[in-house]
Protein chains: 2
Amino acid sequence: MAERTRGRPRSFDREAALDQATWVFWERGYEATSVAELTRVMGIGAPSLYAAFGDKQTLFEEVVERFGERFGGFIGRALAEEPTAQQVVARVLREAAAEYTAPGRPPGCLIASAALNCPVDQVATGLRARREENVRAFESLIRADIAAGRMPAGTDAAGLARFVGAVLQGMSQQARDGVERAALEAVAEAALRAWPAAP
Amino acid sequence: MAERTRGRPRSFDREAALDQATWVFWERGYEATSVAELTRVMGIGAPSLYAAFGDKQTLFEEVVERFGERFGGFIGRALAEEPTAQQVVARVLREAAAEYTAPGRPPGCLIASAALNCPVDQVATGLRARREENVRAFESLIRADIAAGRMPAGTDAAGLARFVGAVLQGMSQQARDGVERAALEAVAEAALRAWPAAP
DNA sequence: TTCTTTCTGTAGCAGCCACTAGAGAAAGGC
DNA sequence: GCCTTTCTCTAGTGGCTGCTACAGAAAGAA
């Protein structure tokens, strides 16, 4: 990755700076994070930021991508590793309670909360698409379970998937409001009781 | 109310201007709403706004108060009119699906979404307190139902109340993401299936 | 009429916003 | 050594932010 190139070499670690930026955006959200604060936390000058990352919006998009890989991965892992919709959802909700309140990092989920009330349409839309992606993944998983006879034939797959998405968003917001892990776990357990019994 | 006073009379309707301000804050959130936009929509100059409402933050607090009376009232009404916790929660969730997607007004709930990612602590804290108030009302209602033998003795009242709060917040966010009423009603129905059976 | 009180419109405050021009610094290629 | 390339630093840009000083307008009180 570190190809030798001509010209003066970059004096900072691009990956480390990206991590710092992720932290700030996660904590404050897109709009409330100023470029001045980013450069301060990243330890670089504004021209270096613009040379390395484009502009604030492009930097944010890269931050979101990285966040999805590093911290949003628990949803992808559950989707990949658990065999049934119920097991996926149970694991996702329980892990969300832990992830959204993990000590040493900002509460909640960046993808759920960083671009709320954001007047830059493209930014808000990008995050919305990522959330919608998850809901659709849940939905097709539920449909598969219905088809396989693991869930009642009359189950409202879209509604149930949307419910899981809403609970995740609600849990993230509650975490940002300062609610702690045990309380979020109670929310997850309550949500799981809504799951339809196997036929 | 319209007491005669000395001095030049105000040239605009204070209540109407407050309604316009409510609309803008509801649509855009606290931070993303500029005083310039407020004065434009309210049809008054900045000095008139500051004379009549104090400053942006005080105006917002008044807007929140009015919003709670006009649009958040459905929760209070359900709490006052329904006899059991289950009936309160069922009505609140179902009405929320309609309220959060009512045509002709901004989607979602101002109290749930207008101060997310807001760096002005006092504003964010004020809305958080209002949300917390609702959760506590649900909780004491559930406790009363447990004491009256209408719900199982082992019910986690705090957890269930927090769950309802999280679902409401999630529904508001989904509404802001453009999800429509029927889908939110499915979320409400799913959430209601989590309610513990009577003992 | 004149005084006092209150509101309104113009015009502008300092401070922050995202962003960048231009000069110098630090590397490889020759 | 010297050229090219790329990055960094200083010092700003215009534009927006919330907010206000000031002068004039419009009412009641005398």
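Numbered from 1 within each chain, the chains take letters A, B, ... in sequence-line order.
- Regarding B:Phe12, its CZ atom lies at a distance of 13 Å from the C1' atom of C:dG9, rounded to whole Å.
- Taking the six-membered ring where tryptophan is involved, the planes of B:Trp23 and B:Trp26 are perpendicular, since the angle between them exceeds 60° and thus also 30°.
- At whole-Å resolution of the value, CG in A:Leu38 and P in C:dC19 are 11 Å apart.
- At a cut-off of 3.5 angstrom, counting only N and O atoms as typed in the model, there is a donor on one side and an acceptor on the other between the side-chain of A:Arg8 and the base of C:dA25.
- Note: CG (B:Asp13) to P (C:dT8) measures 12 Å, nearest angstrom.
- One atom, CE of B:Met42, and another, C1' of C:dT8, lie 15 Å apart when rounded to the nearest Å.
- An OP1 or OP2 oxygen of D:dC7 is reached within less than 4.0 angstrom by no side-chain nitrogen or oxygen of A:Ser48.
- C:dT20 atom P lies 16 Å from atom CZ of A:Phe53, rounded to whole Å.
- Between A:Arg14 atom CZ and D:dT8 atom C1' there is a gap of 16 Å when expressed in whole angstrom units.
- Between C:dA27, D:dT5, D:dG28, one nucleotide has an atom nearer to the side chain of B:Arg6 than all others, and that is D:dG28.
- A:Ser11 has no side-chain polar atom (N or O) that falls below the 4.0 Å cut-off from OP1 or OP2 of D:dC7.
- Ion pairing between a basic and an acidic side chain is recognised when a charged N comes within 4.0 Å of a carboxylate O; B:Glu139 and B:Arg143 show such pairing.
- No hydrogens or angles considered: a donor-acceptor pair under 3.5 Å links the side chains of A:Asp55 and A:Thr58.
- Across every non-hydrogen atom of B:Arg176 and B:Gly108, the tightest pair is CG-CA, 4.2 Å.
- Both the sub-6.0 Å distance and the 45° axial angle are satisfied by A:Lys56 relative to the ring of A:Tyr30.
- As a whole-Å value, the separation of A:Leu59 CG from C:dC19 C1' is 14 Å.
- Taking 4.0 Å as the cut-off between side-chain N and carboxylate O, B:Arg77 and B:Glu95 do not count as a salt-bridged pair.
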Sugar-phosphate atoms are those with a prime plus P, OP1 and OP2; base atoms are the rest. Using that split, label each nucleotide of nucleotides 15-21 of chain D B, S or - for protein heavy atoms under 4.0 Å, 5' to 3'.
-> --SSBBB

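- Taken from CD1 in A:Ile142 to CZ in A:Arg150, the straight-line distance is 12.0 Å, to the nearest 0.5 Å.
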